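Proteins get letters first, then strands, A, B, ... in listed order; numbering begins at 1 in each. Because the structure is predicted, anything quoted here is derived from the model rather than measured.
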Protein chains: 2
Amino acid sequence: MAKRDRPARIGISDVAAKAGVSLATVSRVMNGNFRVDPDIAARVRAAATELKYQPNPMGRNLARGKTDTIGVVVPDLGNPTFQGVLRGVSRAAAHDGYRVLIADSSEVSSEESILAGEARRRCDGVVLCAPRMGSSELEELAPSLHPLVLVNRTTDAEDSPSVMVDYGQGIQDLATHLADLGHVRIAYVSGPESSASNALRLAGLEKFKQGHPHVELAILHSGSTFEDGYESAGDVVASGATGILAFNDLTAMGLLSSLNERGIKVPEDVSVTGFDDIPFAQYTTPPLTTAAVPITEVGEHAWAQMRDLLNGTSTTESVQVFQPHVVARGSTGVPAKLKASSPK
Amino acid sequence: MAKRDRPARIGISDVAAKAGVSLATVSRVMNGNFRVDPDIAARVRAAATELKYQPNPMGRNLARGKTDTIGVVVPDLGNPTFQGVLRGVSRAAAHDGYRVLIADSSEVSSEESILAGEARRRCDGVVLCAPRMGSSELEELAPSLHPLVLVNRTTDAEDSPSVMVDYGQGIQDLATHLADLGHVRIAYVSGPESSASNALRLAGLEKFKQGHPHVELAILHSGSTFEDGYESAGDVVASGATGILAFNDLTAMGLLSSLNERGIKVPEDVSVTGFDDIPFAQYTTPPLTTAAVPITEVGEHAWAQMRDLLNGTSTTESVQVFQPHVVARGSTGVPAKLKASSPK
DNA sequence: GTGAAAGCGCTAACAT
DNA sequence: ATGTTAGCGCTTTCAC
């Protein structure tokens with residue numbers, strides 16, 4: 001017999017006994033489901049209150065086959081972007097009575113699949129942020145994760161909805177902003193090669209080039225962190241570009257910092273743009289021109305998609321796209337030579 | 001009969017059948033617990049692999065009375081401080097095979113107790129960040145949350161360990177930094193009145209006053225956000241102080257922003273300090289002098305405390321204190337009048 | 001070392 | 001409308 005000695009919390013049967021009803025009735029009352037005689041319901045509730053009864057979620061989960069919890073897997077809890085989606089998902093889910101389990105892969109992408117699978121088993125579904133995962137790996141993983149909502153990437157496998165940010169359009173808008181200012185030598189300091197959103201930006205820039213044949217566009221290689229941006233300064237200077245499109249705000253800030261140390265003035269000597277509009281982008285020196293991404297909304301919509309999946313309420317659109325919008329601040333301006341020749 | 005029609009995942013009994021052993025044996029093998037005949041163990045593992053068996057945590061949780069999950073309740077997932085502790089807890093806990101469930105009270109402190117209780121029922125313990133909760137409410141709540149680890153506050157109730165940051169010492173160090181620079185009129189732009197860490201700072205400043213009788217110290221009232229800092233600028237200017245101690249980096253940044261708009265130079269006209277050394281403090285204009293708090297470590301240690309509680313491994317110290325250290329950057333300097341009279 | 005079986009605390013089908 | 005009871009999937013005693 002498996003009579004373990006546990007702290008003996010008070011359970012549904014205690015309430016049933018105290019109220020003089022069956023377990024089922026207590027369960028019904030607690031779940032507010034079926035019509036229970038008001039008098040009995042009151043008696044049950046009184047007993048529950050008196051005993052300070054708190055339903056045990058574990059029993060409930062097992063019996064119902066669900067946990068009212070969803071997992072959110074992110075590659076880095078220190079990254080403002082993922083913090084934003086986590087926050088959005090968490091709040092929106094809480095509003096519907098769901099909780100969020102976090103799984104931070106700490107940038108160790110080899111663990112990502114395992115982590116996601118683990119999260120899925122403990123939860124009713126998972127919201128996956130895995131910008132670097134190979135698409136074949138994702139495609140293979142996706143079915144086992146269903147219900148699955150993807151953030152900033154898509155997959156052919158299964159019916160896994162996505163919430164996307166149109167990085168391609170955003171970078172085009174930023175490049176256009178620079179071109180409109182008069183920059184003819186532009187450099188894109190690209191993010192991680194394996195990043196899905198980097199590929200989107202690259203594709204966007206390809207389109208930009210077609211619309212602006214007179215602009216010389218160089219592609220430099222870097223990463224996604226502040227440090228990566230800082231270290232890219234050498235290449236940036238060497239490129240001779242006057243307009244720099246950084247991968248994101250973090251790298252833009254790193255670049256700004258290094259440029260400043262080198263005595264290169266922004267935006268007098270070079271203009272710099274970021275991407276994301278993280279909370280601190282407006283406090284850099286100079287304030288960063290960037291493409292604002294409504295990242296919390298992205299998280300909220302990821303939850304909305306998940307909820308529809310959970311409810312079987314299929315959405316019309318299975319991939320939602322958010323448009324970033326350019327926020328022009330102090331880090332971009334008319335290139336020096338132009339300013340001299342065209343004193344406005 | 002309760003034969004629900006669920007997706008029929010493959011369970012332990014399938015493995016048992018395939019391997020030709022009992023459920024108990026499979027369980028033992030899966031948990032690597034008892035000595036099982038190596039041959040049998042291998043057979044079981046083979047069967048499990050072949051069937052792609054994944055133990056169902058719900059059943060496991062119910063049977064073991066634990067979830068291998070801890071809850072982290074924070075008042076605001078958008079605040080860098082709480083993001084830091086969440087990150088620390090999450091990584092450290094993951095290292096020990098635990099997951100974290102987040103509960104964001106969205107600054108609605110009336111919900112905090114309920115949220116914490118809910119989290120506790122779903123998890124094996126909770127790490128509570130509730131800087132504004134009244135101490136009597138906390139004391140009342142604490143026992144029901146055990147095992148409980150508190151961040152940045154203590155309670156008399158029960159054996160609930162705490163991980164603290166010595167805000168009192170930190171603010172004293174900052175004030176001393178200002179005094180050493182020559183500031184004799186200092187103002188503290190205080191945080192929320194109900195904030196525990198604000199009280200700590202206030203107490204620290206009291207000590208500072210005793211050691212620096214010649215310094216005039218004004219206390220202004222504000223809050224904890226960027227906006228609060230921004231709006232405090234009027235009071236700050238009116239105070240006539242040359243050295244300003246902001247509640248934290250966020251309010252300092254807000255203040256810096258407003259001061260800049262008013263044409264007041266930092267640090268030439270007034271010096272400003274923050275608190276926390278959030279990731280972006282070094283990128284403000286000018287870079288912010290602040291007291292660096294190892295916030296991720298705080299989270300890591302909160303987990304360590306929790307683990308000890310869970311294991312029954314009592315720690316020697318039940319309240320750990322982290323010391324902030326002053327990081328002098330560009331936002332503080334010698335006050336103007338002094339500079340004029342003592343051209344160094 | 002292995003198996004049989006009794007729960008863990010709850011929900012839901014079925015019967016009344 | 002309420003009670004009875006069979007599980008949900010797993011762990012763990014207890015007996016072999």
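- One can place CE of M58(A) at 24 Å from P of dG7(D), the figure rounded to the nearest angstrom.
- Distance K66(A) NZ to dC10(C) C1': 14 Å, rounded to the nearest Å.
- Side-chain atoms of A24(B) lie closest to dA4(C) of the nucleotides dA1(D), dA4(C), dT11(C).
- Contact annotation: R60(A) side-chain N/O to dG9(C) OP1/OP2 distance is not under 4.0 Å.
- In this structure, R121(B) places its CZ atom 20 Å from P of dC8(C), rounding to the nearest Å.
- Nucleotide dG3(D) holds its P atom 8 Å from the CZ atom of R28(A), rounded to whole Å.
- The side chain of N56(B) sits closest to dG9(D) out of dT11(D), dG3(D), dG9(D).
- OP1 or OP2 of dT11(C) sits under 4.0 Å from a side-chain N or O of S27(A).
- In terms of the side-chain contact (heavy atoms from CB on, under 4.5 Å) criterion, residue partners of S135(A) (sequence neighbours excluded) are, by chain and number, R153(A).
- Inspection of the N31(A) and R64(A) side chains reveals no N or O donor paired with an N or O acceptor under 3.5 Å.
- For dG9(D), its base never sits under 3.5 Å from the side chain of R64(B) at any donor and acceptor pair.
- Residue P55(B) is classed as a sugar-phosphate contact, given heavy-atom separations below 4.0 Å to backbone atoms only.
- With sequence neighbours excluded, no residue forms a salt bridge (charged side-chain N to carboxylate O under 4.0 Å, His left out) with R43(A).
- Looking at heavy-atom distances under 4.0 Å, G11(B) makes contact with sugar-phosphate atoms alone, never a base.
- Counting to the nearest Å, the P atom of dC10(C) and the CZ atom of R122(B) are 13 Å from each other.
- Residue K66(B) places its NZ atom among more than 12 non-hydrogen atoms of other residues, nucleotides or ligands, all under 6.0 Å distant.
- Judged by closest nucleotide on DNA chain C, I40(B) is the one of I40(B) and G59(B) placed further toward the 5' end.
- A donor-acceptor contact shorter than 3.5 Å is absent between the side chain of R99(B) and the backbone of T69(B).
- The distance between atom CG of L62(A) and atom P of dC8(D), rounded to the nearest whole Å, is 9 Å.
- N31(B) has a side-chain polar atom (N or O) that falls below the 4.0 Å cut-off from OP1 or OP2 of dT11(D).
- Residue T25(A) is classed as a sugar-phosphate contact, given heavy-atom separations below 4.0 Å to backbone atoms only.
- With rounding to whole Å, L23(A) atom CG is found 14 Å from dC8(C) atom C1'.
- Atoms CZ (R43(A)) and P (dT2(D)) sit 9 Å apart, rounded to a whole Å.
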